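Step one of this worksheet: look at the structure below.
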2 protein chains.
Amino acid sequence: MATSTEENYLKTILHLEEEKGAAKVGDIATELQLTSGTVTTMMHALSEQGLIDYAPRKGLKLSEEGRLSALQVVRRHRLIELFLVEVMNLDWSEVHDEAEDLEHVISDRLLDRMDEMLGRPTHDPHGDPIPDREGKVTVVVSTSLAKMEVGSYRVVRVSDESSDLLEWLNQKGLTIGQEFELSREDRAAGILEIRRAGEESLQLGLEAAEQVFVEAI
Amino acid sequence: MATSTEENYLKTILHLEEEKGAAKVGDIATELQLTSGTVTTMMHALSEQGLIDYAPRKGLKLSEEGRLSALQVVRRHRLIELFLVEVMNLDWSEVHDEAEDLEHVISDRLLDRMDEMLGRPTHDPHGDPIPDREGKVTVVVSTSLAKMEVGSYRVVRVSDESSDLLEWLNQKGLTIGQEFELSREDRAAGILEIRRAGEESLQLGLEAAEQVFVEAI
DNA sequence: ATTTTTATCTTGATCAATCAAGATAGGGAG
DNA sequence: CTCCCTATCTTGATTGATCAAGATAAAAAT
């Protein structure tokens, strides 16, 4: 139905709606690295197909149908990422781009095989929830490490935007589920210190900590 | 480099060159279900890129570079098919279309993981050879069952053109490596009879037998 | 040698996705 | 209330892939 270009627009709109409450033409353009004129054109096309409610200059939002389509794309993306990590033994830092391409091409049949093989998982390698076939998502409650005070925490999610960060975290063993102690927060210097039993303590910049989401334990 | 459309043209040209000695504009058009005008246009583009040697109205053939590109696409296609059968447990009758899409999208990194996981295989699920990274292929000597006389044979390759036939063969256990006896050839009626120890005998039309390649044992 | 056939080529048009450049509307500044 | 800024929109052009219809050349038939 939707072309892969359209799928990418839908995914971006969903992302922006979750991130900032609403998606604006300019933000979509920035995220997809396109000019706003191009985005405007596509908004008409998506509106035509009933995938978004669009009132020129007033705003736009995903229709129920559009939201479901977007969630299916997200589902494909995250299942593929998990498959690449679990089955193909790729690193969590290198699966995003691959999934970005595969998500538009994989058949429902193959996707279901992956899903089955992985035991109908609910979360991808970065801790993001995998929508089920009906588009339902299990919400993860977590707060950015950057906002936390000294105490004990568990990593529940890491933003997959920066593969450099993912690589570093992986190397340091700070993966999903990992428990640690936030032993020092030096806000002035913008540095957090992390400790784990039997490991050297780690220093982490606030920038990076923004991307790591944890729950208290 | 080449778009996936171009990759499909290259693959088709390679296929026709192997099949009939040379690829003609009209045959490419038939195989890809396009008009010959469209193909002519693409011939200019491929020629421009040095992927084929093209003399309008006189003929065309893959250049060395084009042949290597085509072989890489074939390699991707066949490795993916084998992966889908061996790892994802899909049936050999349903992997062709999936591979057709995936072959243009999968990264070299992921492809190599598959290759490694499968133990650097040399043949796909239909018995077709998988070109190596340099484009070298291990040729399989085999003759169509349709041309054979009464005797003992082993299945070494099956054309993957008809998924119906593949399904039927699979159901009857006539898979790659299977040994059997051609017990009767009734050319007039266009029917062959096949026997295997402890199995009921099978009747196979010449049409179908054309697609099954065997070696004498 | 002339005609006919048929494959191949060319041309003009279309569709999706895009950009650059210029037009416009709506919200805030004065 | 008027002006201006900025986000959004419109327009005209481009690129890749395609088709339909008509032109042409090479081969085959007479």
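All values reported here derive from a predicted model rather than from experimental measurement.
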Think [X] has a side-chain N or O under 4.0 angstrom from the OP1 or OP2 of [N]?
| X | N | value |
| --- | --- | --- |
| A/Y9 | C/dT18 | yes |
| B/T35 | D/dA20 | no |
| A/S36 | D/dA7 | no |
| B/T40 | C/dC9 | yes |
| A/T38 | C/dA17 | no |
| A/Y54 | D/dT8 | no |

Roughly how many Å is it from [atom1] in [X] to [atom2] in [N], rounded to a whole number?
| X | N | atom1 | atom2 | result |
| --- | --- | --- | --- | --- |
| A/N8 | C/dA16 | CG | P | 17 Å |
| B/M42 | D/dT18 | CE | P | 6 Å |
| B/Q33 | D/dA20 | CD | C1' | 17 Å |
| A/Q49 | C/dA17 | CD | P | 9 Å |
| A/H44 | D/dT8 | NE2 | C1' | 10 Å |
| A/H104 | C/dA16 | NE2 | P | 18 Å |
| A/E48 | C/dA16 | CD | P | 11 Å |
| B/L46 | D/dG16 | CG | P | 13 Å |

Exercise for review: Using heavy atoms to find the nearest nucleotide of DNA chain C for B/G26 and A/S4 separately, return the residue whose nucleotide is more 5′.
Suggested key: B/G26

Considering non-hydrogen atoms only, spot the tightest contact between [X] and [Y] and give its length.
| X | Y | result |
| --- | --- | --- |
| B/D132 | B/Q72 | O-NE2, 3.8 Å |
| B/P125 | B/I176 | O-CG1, 3.3 Å |
| A/L68 | A/G135 | CD2-CA, 4.5 Å |
| A/F83 | A/M117 | CE1-SD, 4.1 Å |

Which nucleotide in [options] has an atom nearest any side-chain atom of [X]:
| X | options | answer |
| --- | --- | --- |
| B/P56 | D/dA17, C/dA17, C/dC9 | C/dC9 |
| A/E6 | C/dT8, C/dA17, D/dA17 | C/dA17 |
| A/T3 | C/dA17, C/dT18, C/dT8 | C/dA17 |
| B/R57 | D/dA25, C/dA17, D/dC9 | D/dA25 |

Check your understanding: So does A/E207 have more than 12 non-hydrogen atoms from other groups sitting under 6.0 Å from CD?
Key -> no

Exercise for review: With heavy atoms under 4.0 Å as the rule, sort B/K24 into base, sugar-phosphate or nothing.
Suggested key: sugar-phosphate

